[in-house]
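The structure appears right after this line, and notes come after that.
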Amino acid sequence: LYTFGSGVPADTFLPSTSATLLQLVHPTNATFTLTGSSITVAYGHTGTSSLELASINGFTGTVAITCTPPFPTNFTCSTQFASIALTPGLTDAFSYTLRPILSASALPAPPFSRSHRDLLAAIFPLSLLSLLGLQRRRRSHLRALLTLALLAILASATTACGPNHFLPIADTGTYPLTFTATATPQGATAPITRTLTLNAIITP
């Protein structure tokens, strides 16, 4: 059997095949979200809280995460992972840590805050008066007890985390803690950046 007009047997030709072209199209509105929880840490101690990345509209790609300065005074911040490969439609949870630059036992004594100065201004005159009155037999015991009580209040108000560790009142309070997540989706040229600001609450 010959093909028409060719003079070549028909069984010489290979059977024809069809190829299927697969093309992956990344959605133009693909993105991700960054959420998390604020943190409360005692001064001079370490605390950990959580962050979460979520893929939106089929986003896929590697997201870089950083904790951006400034940090609370005498603290540093770091994330559990420097980057996360985000899978389409899924959510990845990870942690961040707020860590003191110095341990509680190594912290230097900070300057007194205004409230401490006011307390000292009120206590020391009373203490001097009570000491002068110790020579008098009448009320000497009462004044001595008053002096000890006032000094005990001062000591309890200015120390923390053990003896001889002064509480840095000026460094406690609420501070903003900023996180930045950046990624370039597959098939895109411009990066996507998400910024999240949480509260870092530093307690005595």
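Values below: every heavy atom of this structure, side chains too, minus hydrogens, waters and symmetry copies. Position 1 is the first residue of the sequence; numbering continues from there.
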Give the intermediate values and the outcome of side chain to side chain contact (heavy atoms under 4.5 Å, CB included) for residues T87 and S55.
CA-CA 7 Å; T87 304; S55 170; over 6 Å; no

How far apart are the C-alpha atoms of Y96 and S50, what are their side-chain angles, what is the distance that settles it, and do they pass the side chain to side chain contact (heavy atoms under 4.5 Å, CB included) test?
CA-CA 6 Å; Y96 70 91; S50 61; 6.0 Å; no

T195 side chain reached by F179 side chain, heavy atoms, under 4.5 Å:
no

Do L198 and L51 make a side-chain contact, defined as non-hydrogen atoms from C-beta onward lying under 4.5 Å apart?
yes

Test item: Y175 and I201 side chains (from C-beta on) under 4.5 Å apart, heavy atoms
no

Quick check: closest heavy atoms across P88 and T60, and the distance to 0.1 Å?
CG-CB, 3.5 Å

R99 CZ to T48 OG1 distance, which is reported to the nearest 0.5 Å
7.5 Å

What one should report as the nearest heavy-atom pair of A54 and T91 is CB-OG1, 3.6 Å

Between T182 and R194: side-chain donor-acceptor atoms closer than 3.5 Å
no

Out of curiosity, I39 CD1 to T97 OG1, how far, rounded to the nearest 0.5 Å?
7.0 Å

Given V63 and F32, is the side chain to side chain contact (heavy atoms under 4.5 Å, CB included) satisfied, shown in steps?
CA-CA 9 Å; V63 183; F32 62 89; 4.0 Å; yes

L90 reachable from F59 in the ILVMFWY side-chain graph, under 4.5 Å edges:
no

Just by distance, do the side chain of T172 and the backbone of P204 share a donor-acceptor pair under 3.5 Å?
no

Check the pair I65, T180 against side chain to side chain contact (heavy atoms under 4.5 Å, CB included), reporting the backbone distance first and the verdict last.
CA-CA 6 Å; I65 311 106; T180 302; over 6 Å; no

From OH (Y43) to OG1 (T203), nearest 0.5 Å
12.0 Å

Measuring only between side-chain heavy atoms, which start at C-beta, is P72 closer than 4.5 Å to D171?
no

Given 3.5 Å as the limit, does a donor-acceptor pair link the side chain of N199 with the main chain of S38, or not?
no

Just so I know, are the side chains of L86 and D92 near enough to count as touching, which here means a heavy-atom distance under 4.5 Å?
yes

Quick check: closest heavy atoms across V41 and G47, and the distance to 0.1 Å?
CG2-CA, 3.8 Å

If you define the side chain from C-beta out and look only at heavy atoms, does anything of I202 sit under 4.5 Å from L98?
yes

Side chains of I56 and T33 in contact at under 4.5 Å (non-hydrogen atoms)
yes

Look up atom OG in S95 and atom CZ in F81, then write down how far apart they are to the nearest 0.5 Å.
7.5 Å

A side-chain contact here means heavy atoms from C-beta on lying under 4.5 Å apart; do P100 and H45 qualify?
no

Regarding S83 and T62, is there a side-chain donor-to-acceptor distance under 3.5 Å anywhere?
no

